[in-house]
2 protein chains.
Amino acid sequence: MSEVRSAFNVSCKNCGLQKICFPTGLQKDEIERLDNIVDRRAPLKKGQHLFEANDNFNALYAIRAGVVKLYSFTNTGEEIVHGFYLPGDVLGIDALGSRRHQYNAIALDTTSVCSLPFEKFSNLTDELPQLNKQMMNVISKEVLDGRMHSELLVRRNADQRVAQFIWNMSERYRSRGYASSEFRLSILHRDVAVYLGLTPETVSRILAKFHADGVATWKKKEVVIHDMDKLLNTAGIQTSCDSCNKATA
Amino acid sequence: MSEVRSAFNVSCKNCGLQKICFPTGLQKDEIERLDNIVDRRAPLKKGQHLFEANDNFNALYAIRAGVVKLYSFTNTGEEIVHGFYLPGDVLGIDALGSRRHQYNAIALDTTSVCSLPFEKFSNLTDELPQLNKQMMNVISKEVLDGRMHSELLVRRNADQRVAQFIWNMSERYRSRGYASSEFRLSILHRDVAVYLGLTPETVSRILAKFHADGVATWKKKEVVIHDMDKLLNTAGIQTSCDSCNKATA
DNA sequence: CGCGACTTTGAAGGCACTCAAACACTGTGG
DNA sequence: CCACAGTGTTTGAGTGCCTTCAAAGTCGCG
């Protein structure tokens with residue numbers, strides 16, 4: 001526990017997430033300036049909200065540890081899950097335009113965040129071109145993430161959706177330097193189902209099949225990928241297709 | 001024809017789309033500076049690409065007249081339609097991070113755009129805070145648009161999707177000052193189907209039903225909404241639900 | 001231990017897809 | 001001006017995937 005506690009208070013320059021988060025490409029003294037405006041609060045407990053829809057927009061949040069679910073509701077009261085945010089990811093982009101949060105952000109596990117008061121951060125981006133560029137990258141990532149989500153929901157069957165979700169999580173852990181074929185995932189199957197536009201029952205059946213087929217196992221928050229090729233195949237992702245996105249007509 | 005031609009060369013300060021596009025909130029002299037960097041090209045003919053996936057990112061594009069479809073392909077060669085862009089909308093956000101376009105943008109009709117060379121534009125945003133803010137709004141809109149698209153694809157049946165699409169288009173025309181219950185829509189049913197994650201056959205059947213039920217008619221690029229309440233009802237949109245997005249658990 | 005929340009498993013049904021064929025519209029060339 | 005090809009739309013019949021509903025099973029925590 002003390003080990004975890006200490007991890008909560010690391011400064012940007014000593015943070016292992018530099019490559020993912022805002023400091024990317026910044027000089028040492030620039031990181032220091034960023035560091036100075038970062039507000040490190042006490043970690044959120046599981047079930048606590050980082051912000052809620054309609055809250056005033058005060059800050060961007062960089063996740064240091066844990067998982068956050070971004071969600072809202074339809075007019076009929078059904079939950080919509082927009083995404084899951086891992087260490088190094090940035091939350092709050094949804095409020096940039098209106099200065100009010102559009103969605104709810106809830107911790108799915110004990111979660112620690114770095115808060116970046118937007119006024120100060122905005123002033124800093126004016127002075128540091130590299131930080132401004134990185135801000136663009138972060139926003140751009142948010143846009144592409146949304147598109148990827150849509151892509152997942154269009155004309156992909158349930159098997160492909162679940163397989164792609166597992167693969168995507170694996171990739172995100174890999175890019176952060178963690179094991180990619182075996183990792184802990186504090187996300188309920190129920191939440192994944194909603195995210196993928198499926199029912200919990202369907203997800204359960206598919207995970208059972210994946211387990212039986214030796215593709216991957218997801219039990220009790222522990223994910224193990226047994227056969228990456230099979231997983232990619234099930235997801236409908238061929239690795240050798242460079243010109244797929246090229247316009248043809 | 002000469003009437004159309006002249007519309008292609010209007011400067012920002014005389015453009016009817018100020019409220020939608022970048023000039024929002026800018027002072028007269030600021031609009032002039034923006035005007036100076038705008039590159040107004042010859043209109044695109046139907047079927048011409050504004051840019052294609054993997055193209056270098058040179059400029060943002062503001063649509064002055066016409067319609068543009070943003071699309072790509074899955075690894076299996078199926079088309080994915082990300083959205084349709086109307087006059088006043090801004091295209092090219094997808095390339096902000098990587099400096100390469102991620103998707104293809106094709107004109108669905110004769111289309112005129114204002115090109116904003118990104119280097120110059122970027123320098124200008126550094127000098128004009130209001131423009132920078134408006135840039136944030138534009139990007140933010142792109143993010144929310146993506147989320148709305150995902151929302152449409154999750155747990156909404158075919159009827160609701162089509163109804164919501166028609167309503168959405170109607171709203172977009174209304175916000176631009178055009179008639180909202182009767183408008184021209186140069187989008188193929190086929191493209192709408194792909195955008196909504198449906199087949200053309202399904203869309204056709206639903207439009208036939210909407211016509212029979214006196215909800216709306218869409219024939220030969222002409223959309224007429226007969227009963228807005230019925231349409232909203234079919235789309236599953238109740239207008240009186242302020243607290244729907246509020247977190248409850 | 002016992003409760004609540006989540007997950008698993010089974011059976012039945014419906015919505016949207018697939019396949020197929022006819023129909024309508026558009027532009028082109030004879 | 002008409003014939004005709006190409007593309008998009010409509011309509012019908014049959015099927016399959018995923019949902020829905022229901023109930024039992026498991027996990028986590030006070």
Side-chain angles (χ1 to χ4, degrees), chain A residues 45-47 67 69 74 76 78-79 81 106 108-110 152-165 184-212 216-223 234 236 248-249, chain B residues 45-47 67 69 71 74 76 78-79 81 106 108-110 152-166 184-212 216-223 234 236 248-249:
Chain A
K45 294 200 201 90
K46 177 176 170 178
V67 199
K69 173 178 80 168
T74 64
T76 51
E78 292 163 305
E79 186 180 341
V81 174
I106 189 173
L108 298 183
D109 206 345
T110 306
L152 192 81
L153 299 169
V154 177
R155 227 175 283 287
R156 292 193 108 61
N157 66 29
D159 286 23
Q160 291 173 317
R161 294 186 201 184
V162 176
Q164 192 165 326
F165 176 80
R184 186 162 189 280
L185 203 53
S186 297
I187 306 177
L188 293 178
H189 292 178
R190 200 196 129 276
D191 284 332
V192 174
V194 176
Y195 175 70
L196 297 176
L198 303 170
T199 59
E201 293 95 321
T202 301
V203 170
S204 174
R205 281 182 249 269
I206 287 167
L207 287 178
K209 190 167 63 181
F210 283 1
H211 179 67
T217 302
W218 182 358
K219 287 249 170 73
K220 297 212 324 160
K221 306 197 170 179
E222 289 296 328
V223 176
T234 309
T248 51
Chain B
K45 292 199 201 91
K46 178 176 171 178
V67 198
K69 172 179 79 169
Y71 71 105
T74 65
T76 50
E78 293 163 305
E79 186 180 342
V81 174
I106 190 172
L108 297 184
D109 206 345
T110 306
L152 192 81
L153 299 169
V154 176
R155 227 176 284 286
R156 291 193 108 60
N157 67 27
D159 286 23
Q160 292 173 316
R161 293 186 202 184
V162 176
Q164 193 166 328
F165 177 80
I166 293 174
R184 188 163 188 278
L185 203 52
S186 298
I187 306 177
L188 293 177
H189 293 177
R190 200 197 128 277
D191 283 333
V192 174
V194 175
Y195 175 70
L196 297 176
L198 303 170
T199 58
E201 294 95 321
T202 301
V203 171
S204 173
R205 280 183 249 269
I206 287 167
L207 287 178
K209 191 167 62 181
F210 283 3
H211 178 66
T217 304
W218 181 359
K219 287 250 168 72
K220 297 217 321 160
K221 306 197 171 179
E222 289 297 329
V223 177
T234 310
T248 51

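Chain letters run A, B, ... following the sequence lines, proteins first, then strands; residues in each count from 1. Only heavy atoms go into these numbers, but all of them, side chains included; no hydrogens, no water, no symmetry mates.
- DNA chain C is contacted by both A/Trp218 and A/Arg155; A/Trp218 maps to the nucleotide lying nearer its 5′ end (nearest heavy atom per residue).
- A/Asn157 places its CG atom 16 Å from the C1' atom of C/dC15, with the value rounded to the nearest Å.
- The environment of A/His189 atom NE2 is dense: over 12 non-hydrogen atoms of other residues, nucleotides or ligands sit within 6.0 angstrom.
- Contact between the side-chain N/O atoms of B/Thr202 and the OP1/OP2 oxygens of C/dA16 is not found at any separation under 4.0 Å.
- Phosphate proximity of D/dT9 to B/Ser204: absent, as no side-chain N or O sits under 4.0 Å from OP1 or OP2.
- Between the P atom of D/dT11 and the NZ atom of B/Lys209 lies a distance of 14 Å, rounded to the nearest Å.
- Ring orientation note: the planes of A/Phe165 and A/Trp218 are close to parallel, at an angle under 30° on the 30°/60° scale.
- Rounded to whole Å, atom P of D/dC18 lies 13 Å from atom CZ of A/Arg156.
- Dashed line: the shortest gap from a side-chain N or O of A/Lys220 to OP1 or OP2 of D/dG28 is under 4.0 Å.
- One can place NZ of B/Lys219 at 12 Å from P of C/dA24, the figure rounded to the nearest angstrom.
- Atom NZ in A/Lys45 sits about 16 Å away from atom C1' in D/dC29, given to the nearest Å.
- Using a cutoff of 4.0 Å between basic side-chain nitrogens and carboxylate oxygens, A/Asp109 and A/Arg184 are scored as salt-bridged.
- Residues A/Val81 and A/Lys69 form a side-chain contact, since some pair of their non-hydrogen atoms from C-beta on lies under 4.5 Å apart.
- Residue B/Thr199 places at least one side-chain N or O under 4.0 Å from the OP1 or OP2 atom of C/dC17.
- B/Glu78 places its CD atom 12 Å from the P atom of C/dC17, with the value rounded to the nearest Å.
- A/Glu201 contributes a side-chain N or O that forms a donor-acceptor pair with the base of D/dC21 under 3.5 Å.
- Both B/Arg205 and B/His189 lie near DNA chain D, and the one whose nearest nucleotide falls closer to the 5' end is B/His189.
- Distance CG (A/Leu188) to C1' (C/dT8): 15 Å, rounded to an integer number of Å.
- For the pair B/Leu196 and B/Gln160, the minimum side-chain heavy-atom distance is 4.5 Å or more.
- Taking atom CG of residue B/Leu108 and atom P of nucleotide D/dG8, one finds them 11 Å apart after rounding to whole Å.
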